[in-house]
Asker: 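Dumping the structure here so I can ask a few things about it.
Quick note: numbers below take in every heavy atom, side chains included, and nothing from hydrogens, waters or symmetry partners. We name chains A, B, ... by the order of the sequence lines, and we start the count at 1 in each one.
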Amino acid sequence: MTDPKTPSDPLVIAGRSFRSRLFLGTAGYPNRQVMLDALAASGTEMVTAAIRRISLAGEEESLVELIGERAHFLPNTAGCQTARDAVLTAELAREALGTSWIKLEVIGDRELLYPDVEELVRATGELVAAGFTVLPYCNDDPIVCRKLADLGAAAVMPLGAPIGSGLGICNPHMIETICNRSPVPVVLDAGIGTASEAALAMELGCAAVLLNTAVSKANDPVRMAAAMRAGVEAGRLARLAGRIPRRRHAEPSSPQLGLVGT
Amino acid sequence: MTNPSSPGAGPVPGSRPAHITVNGVREPHAAPTLAALLVARDIDPAARGIAVALDGRVVPRAAWADTPIAPGATVEIVQARPGG
């Protein structure tokens, strides 16, 4: 029997192949060793990073040195509120990290952290034209996702729930619709709180899951990282296996003939 | 972080002192190049994970040593930090 977790099921985005379908954030861990242990437990091959004004030299070990060759970097434009700021941040990220991959985040409100669609679409077009591999964080809106894909986004990353909320996937039907219609991989980004929700994302048809807070702020981040890995793998297997249709009534699985005593 | 101006690198004596803005903070215009500005702030120009923009444009690392900073310039020095 072949292992159902076949290595012939890689995730491919923009020509880069991943064995792991879990992307992990690097922020908010109790300490850096816990972060490294969580990264290892998650099996992730791509981690996110922010681009910020430099702190006083020598304050802390460089994230780049810390991660080393453990994973690819997916820098983000977190906190940017205009396409202009996001494009400059992406260009700085490309120079700082030597990657043209960018998690494009353009928010319209610092409290809600909800995407500003108009600016997001504009920035996606500009960055694609500038040769970036753009993974936009976006609303769970199939029309917006389609526009982003048509502009050349390498993947679309709809939110399951507000960033850091841990509410899970608030609109699973729409995420499933996006997955069914998207010409590019769909990465569920934001909102995941626990492993079953990561599994659900994969069952709905997502190609991968990106999360941070659910692991970094868990009581035991390393164990939760392992749980997320298992959840993503289980959800992917279930998606590939094909779930049974839902029924309104019972359907016996044991034979109905030959019952004892009748 | 203040940047003490070094003798000889600053503005012409007697003229109105020129300033630049580094990471949103106004400071005297002292360093002649981007590389000199980094060194003056104890930032190793060879360190990985940092990038520099001058007046809103990214300057490739290879050009830092030869890129002059004009009075009134705006410089952003960034680094990769933990993020989600």
Asker: So, taking the atom named CZ in Arg48(B) and the one named CG in Leu63(A), what distance separates them when rounded to the nearest 0.5 Å?
Answerer: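 So the CZ of Arg48(B) and the CG of Leu63(A) are separated by 10.5 Å.
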Asker: Just one of Val58(B), Ile50(B), Val52(B) clears the side-chain contact (heavy atoms from CB on, under 4.5 Å) bar with Glu95(A), so which one?
Answerer: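 In the set Val58(B), Ile50(B), Val52(B), the residue that makes a side-chain contact (heavy atoms from CB on, under 4.5 Å) with Glu95(A) is Val58(B).
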Asker: Looking at every heavy atom in both Gly49(B) and Val64(A), which two are closest together, and how far apart are they?
Answerer: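 Here Gly49(B) and Val64(A) meet closest at CA-CG2, 3.5 Å.
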Asker: Got more than 12 heavy atoms from elsewhere within 6.0 Å of CZ, Arg16(A)?
Answerer: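 More than 12 heavy atoms, drawn from other residues, nucleotides or ligands, come within 6.0 Å of this atom.
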Asker: Name the option with the most non-hydrogen atom pairs under 4.5 Å to chain B; the candidates are Ala96(A), Ala78(A), Ala93(A).
Answerer: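 Going by pairs under 4.5 Å, I would pick Ala96(A).
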Asker: Report which part of Ala49(A) has an atom under 4.5 Å of a heavy atom belonging to chain B: side chain, backbone, both, or neither.
Answerer: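 Interface part for Ala49(A): both.
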Asker: Is Val22(B) close to chain A through its backbone or its side chain, or both, or neither, when contacts mean heavy atoms under 4.5 Å?
Answerer: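 The answer is neither part of Val22(B).
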Asker: For residues 105-118 of chain A, give me every residue with a non-hydrogen atom less than 4.5 Å from any non-hydrogen atom of chain B.
Answerer: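 Against chain B, none of the residues of residues 105-118 of chain A fall inside the cut-off of heavy atoms under 4.5 Å.
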Asker: Could you check Thr89(A), Leu88(A), Leu92(A) and say which one makes a side-chain contact (heavy atoms from CB on, under 4.5 Å) with Val78(B)?
Answerer: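 Only one of Thr89(A), Leu88(A), Leu92(A) forms a side-chain contact (heavy atoms from CB on, under 4.5 Å) with Val78(B), namely Leu92(A).
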Asker: Looking at Arg81(B) and Arg52(A), would you say the former's side chain and the latter's main chain have a donor-acceptor pair under 3.5 Å?
Answerer: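 A pair under 3.5 Å: no.
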Asker: Looking only at heavy atoms, what is the nearest atom pair of Ala27(A) and Gly84(B), with distance?
Answerer: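 That would be CB-N, 4.4 Å.
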